[in-house]
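Heads up, the thing below is written out as structure tokens.
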Amino acid sequence: MKLQVADLNSFYGPAHILFDIALEVGEGEVVALLGRNGAGKSTTFRSIVGLVENRSGRIVFEGKDVSREPTHAIVRGGLGYVPEERRIFTDLTVEENLEVGRQPKRPNAPYWTREKLFTLFPNLGEMRNRPGGRMSGGEQQMLTIARTLMGNPSLVLLDEPSEGLSPKIVEQMVDAILAMKKEGVSIVVSEQNLHFARLISDRVYIIERGKICFGGTIAELDARPDVRDAHLSL
Amino acid sequence: MAFYFVQFLTGLASAASLFLVASGLSIIFGVTRIVNFAHGAFYMLGAYVAFTLTERFSGALGFWGGIVVAALIVAAVGVLVEMVLLRRIYHAPELFQLLATFGLTLMVQDIVVLIWGPDDLLGRRAPGFRGAVDFFGQNIPSYDLFLIALSPIVLGILWLLFQRTRWGVLVRAATQDRDMVAALGVNQKWLFTSVFALGVFLAALGGALQIPRDAVHHALDLRIIVEVFVVVVIGGLGSIIGAFVAAVLVSELNAFGILIFPKISIILVFLVMAVVLIVRPWGLFGKPEAAARRTPGLTVNPWRPLTSGERLMSIGALALAAMLPLFAGNYALTVGSEIAIFVIFAASLHFLMSVGGLASFGHAAYFGLGAYGVAFLAKAAGLPMIVSLLLGPLLGLLGAAVFGFFAVQLSGVYFAMLTLAFAQIIWSIAFQWVTVTGGDNGILGVWPDNWASSPASFYWLSLGIAALVATVLRVIVFSPFGFALRATRDSPLRSEAIGINGKRVRWTAFVIAGTTAGIGGALFAYLKGSVFPDSVGISLSVDALVMVLLGGVETVSGAVIGAIVFKAANIWLVSQTDLSKLVLGGFIVLMVVAFPKGIVGTLEALRNRRRSTDTKSALATSRVEVAE
Amino acid sequence: MSMVPTLLSVENLSKSYGGVHAVRSVSFELRAGEILALIGPNGAGKSTCFDMLNGQNMPDSGRITLLGEDTVGRKPRAIWRLGVGRTFQITATFPTMTVRENVQVALVSYGRQLFNLWGSTAAYARGEAGRLLELVGMGAYAERPCGELAYGDLKRLELAIALANQPRLLLMDEPTAGMAPRERIELMRLTARIAREQSIGVLFTEHDMDVVFEHADRILVLNRGSLIAEGSPEEVRGNPQVRAIYLGEGLVYDARHREGAGA
């Protein structure tokens with residue numbers, strides 16, 4: 001088991017956001033976390049990597065409980081995180097953005113060099129010295145993923161990677177995620193677009209009002225249209 | 001010609017220290033988003049520690065080593081401050097950070113006097129740079145030439161550090177998005193600490209390098225910090241090259257301004273700053289601030305007018321206060337009048353801060369202008385009290401209209417720094433234009449007319465005006481204008497998109513607040529019977545901020561409570577201790593860290609928590625019912 | 001259609017930044033009651049186009065005529081006074097006010113009462129604010145603090161605010177971004193209904209092709225700053241160039257909207 005989350009509860013100030021979240025990610029698996037805006041997808045990710053400080057529960061990554069560690073230590077341990085809204089460093093060039101993400105090679109995780117990333121995202125290789133602020137939204141999204149891969153993670157949390165991107169770029173994103181999976185990276189993707197989730201994931205969880213209300217394969221979800229329609233409003 | 005050239009070189013030499021301090025401030029701001037008010041204090045500490053070390057150790061090594069070691073020692077103090085204090089307030093609103101670091105400044109002022117005494121200290125000349133170079137009959141100290149060469153070298157080193165090292169890349173990344181840097185595995189705590197250490201090192205070095213040129217004394221901190229604020233406003237916060245260019249510009253303006261307006265040379269700097277702000281509001285090399293991310297989950301309670309019960313309670317409290325003369329003596333009544341006057345002052349700033357989101361660090365300017373206005377009218381024109389009281393605050397209005405026009409072009413920390421600089425300009429004028437203002441001697445003999453001269457009647461007058469002002473401001477808060485003002489604070493984007501001219505709305509609010517402060521100042525002049533430059537000073541501006549914070553920024557009427565508690569405590573404290581700055585500074589720091597919501601805000605939060613637990617259980621039951 | 005008056009006409013609009021053509025010579029028209037979608041790859045110039053229309057950005061050249069008036073060089077608030085309502089990609093509302101007060105502020109501005117220091121905002125245009133909230137289905141939430149609303153409700157509140165000046169034109173920047181699929185459809189249905197009833201023209205940008213193909217009367221496709229296609233949803237969907245540049249294989253939106261899938 002790559003990642004095991006149990007009894008995760010999170011708070012923003014007095015507001016209770018996540019209730020007893022439990023989810024598991026197997027070795028080399030791609031898991032989608034589906035739910036509407038405000039359901040708690042981002043908070044789940046932020047809680048796992050320690051950006052939400054007020055949290056309780058167990059977060060076991062590669063057999064080790066990381067729920068008391070600070071963000072940077074969790075990430076250095078090989079758990080990569082790509083936040084929503086891209087958040088690249090707009091003043092820094094592509095190369096410098098990648099430099100911020102660079103971490104030493106680690107055992108049991110694929111090793112990424114700049115050159116290897118430029119083969120995965122050929123666009124980026126053509127604009128190594130361009131400031132991030134002068135890239136299009138699609139290019140920026142690719143850069144955030146490449147930047148996180150520079151840390152040689154064995155698991156990556158991808159928060160809404162398709163949001164605000166054109167259909168064509170979303171299709172490229174599908175290819176990139178499948179390529180990452182092939183290299184051996186385990187991935188959790190949060191999404192609202194079920195079409196997108198279908199193309200990449202082995203299993204899905206549905207989150208609604210801070211609670212996990214479904215977990216299973218896509219086929220199992222399709223067998224339960226009641227669940228799907230109630231929680232995803234499709 | 002040679003004279004002007006030497007004057008130019010003197011300006012360049014002065015720019016060196018200014019650049020070191022300003023670049024340190026900019027670097028710290030870039031990463032931590034904290035405008036470190038205590039930067040002037042670190043500069044001053046650098047000078048004092050360097051003085052001690054260079055006196056203690058002789059020879060060239062003793063001197064130069066002493067300078068560097070002094071900067072390192074102060075940097076270590078800075079690290080301690082960062083770890084103990086700043087780490088707790090990185091996520092606090094910027095106003096709190098400014099205040100906390102100002103509290104530190106106050107504490108350092110008293111500590112410095114405790115250690116080194118109140119007298120000016122004259123440092124050693126720099127070994128190897130004792131002489132002067134002759135230039136067409138004009139002497140240039142060779143130490144000045146050394147300083148002139150130093151700043152470009154420091155600029156170059158900083159540039160290499162930020163562009164060519166991994167540390168530099170990480171710092172630049174953190175400048176944009178510190179959480180993201182942590183999410184990429186960088187320990188931002190140590191990154192922040194190292195940045196703060198570098199910034200403080202630069203400030204302390206700036207101070208240490210001044211000792212051969214200037215006496216060391218305990219007012220150095222405020223003098224440099226105001227100049228540094230002017231420099232970063234002109235150059236652009238966060239830009240090192242901007243700090244360099246603006247430091248040179250400001251120093252040259254000072255060097256030549258003294259030739260043109262010997263008395264009020266600061267006017268020239270002000271004019272340049274005004275032009276820069278209109279053309280480039282974020283400074284010559286600065287960048288517009290990205291809109292701040294809202295803290296997720298932050299629930300804000302909408303403001304509501306007083307309920308009839310609360311209104312009755314307020315009237316009752318006022319009636320109770322009006323009965324004070326029946327049982328209190330003259331001293332208590334004078335204190336009572338002073339408190340009422342500070343309620344007016346605090347309420348005016350609170351209006352600007354809470355409703356308009358504009359935290360002015362120089363609000364005393366308009367209070368003081370009101371006081372001077374009254375003094376001019378009563379003393380020079382000999383007008384009766386009632387007329388002076390009505391017309392005096394107009395000087396506050398005028399000042400607020402002029403300075404407010406520029407100030408509302410900016411927001412956030414820029415606004416705070418600019419208002420502080422404006423207040424300092426008015427202070428300089430009050431201090432230096434002796435023929436009109438009496439300078440340090442002030443204007444004496446501003447006494448109330450007979451009808452208001454007894455402590456009881458003056459108290460009733462002050463109380464009545466304070467009640468009136470608080471009521472009027474409250475009405476304005478809930479008027480269409482009040483909502484428009486709040487709209488510009490809540491969402492500049494949306495308010496512009498519904499046709500609100502944000503700058504005009506904020507300017508109007510600034511003028512209202514300035515005039516109201518002027519009313520307080522007018523009464524204050526009559527209470528004290530005199531006016532001094534202190535009524536325009538920074539410490540008075542900060543008193544007002546503390547009163548507002550103590551009461552609670554996020555409340556409608558917290559300032560009233562804050563002013564009463566703070567002023568009463570302050571008057572008592574000053575009578576009890578000689579180290580009032582140390583105690584006050586410590587109090588401010590403690591309040592920001594432990595009590596950020598203020599008195600009224602904390603009470604409201606408690607009340608809301610009780611209410612929400614009730615409704616929550618009700619909600620939970622209803623949800624269960626629906627689910628079944 | 002020819003009887004319906006033209007609301008907005010854009011002629012040869014161009015803008016470049018540092019030698020890069022963000023928008024090149026774009027021209028189009030929008031009629032009252034029409035819903036027009038502006039789509040294209042990220043970085044194609046949609047935002048720049050939008051910002052020029054609403055006055056946040058000055059074009060280098062070209063004309064924008066709104067209700068017969070040239071709007072180039074006018075400030076956003078002046079354009080709003082002409083009768084343009086806006087919603088933002090990330091909602092912009094006033095979190096320290098109640099839902100009703102949010103709308104009331106817009107009405108205060110519309111009634112030119114911004115500098116009224118003495119009146120009561122609570123009483124100002126209360127009924128009108130309530131009517132607008134009812135219109136977008138937010139009547140029940142009128143007294144709620146705006147900061148507590150769910151995201152989808154904030155979007156509807158924004159629409160109510162945007163309608164406060166009785167606009168002739170609505171500019172909506174990615175109106176359904178960040179919403180669940182059903183909420184998206186509901187919001188756009190609501191917008192379309194109001195637009196038809198009050199014959200308001202709507203111009204919106206969007207990446208969700210399910211929304212675009214379902215609700216747009218006409219679609220403009222922008223690529224590298226230039227207009228490369230314009231037409232009905234069927235025409236745009238069938239355009240091979242648009243598919244190559246933007247739509248892709250159609251794997252990531254609803255099968256009903258792919259080409260040839262029984263449109």
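All values derive from a computational prediction rather than experimental measurement. Reckoned from all heavy atoms, side chains included, excluding hydrogens, waters and symmetry mates. Here is how names work: the chains are called A, B, and so on, in the same order as the sequence lines, proteins then strands, and each is numbered from 1.
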Can you tell if the side chain of B:M180 reaches within under 4.5 Å of the side chain of A:R147, non-hydrogen atoms only?
-> yes
Can you find a pair of side-chain heavy atoms, one from B:V154 and one from B:L202, that are under 4.5 Å apart?
->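 Counting from C-beta outward, B:V154 and B:L202 do come under 4.5 Å.
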Below 6.0 angstrom between ring centroids: does that apply to A:Y205 and A:F214?
-> no
Should A:H72 and B:V186 be marked as a side chain to side chain contact (heavy atoms under 4.5 Å, CB included) after you check the CA-CA gap, both sets of side-chain angles, and the distance that decides it?
-> CA-CA 5 Å; A:H72 67 93; B:V186 177; 5.6 Å; no
Mind ranking B:R166, B:Q188, B:K189, B:R172 by heavy-atom pairs under 4.5 Å with chain A and telling me who comes out on top?
-> B:R166
Checking [X] against chain B: side chain, backbone, both or neither under 4.5 Å from a heavy atom?
X: A:E96; value: both
X: A:T144; value: neither
X: A:V100; value: both

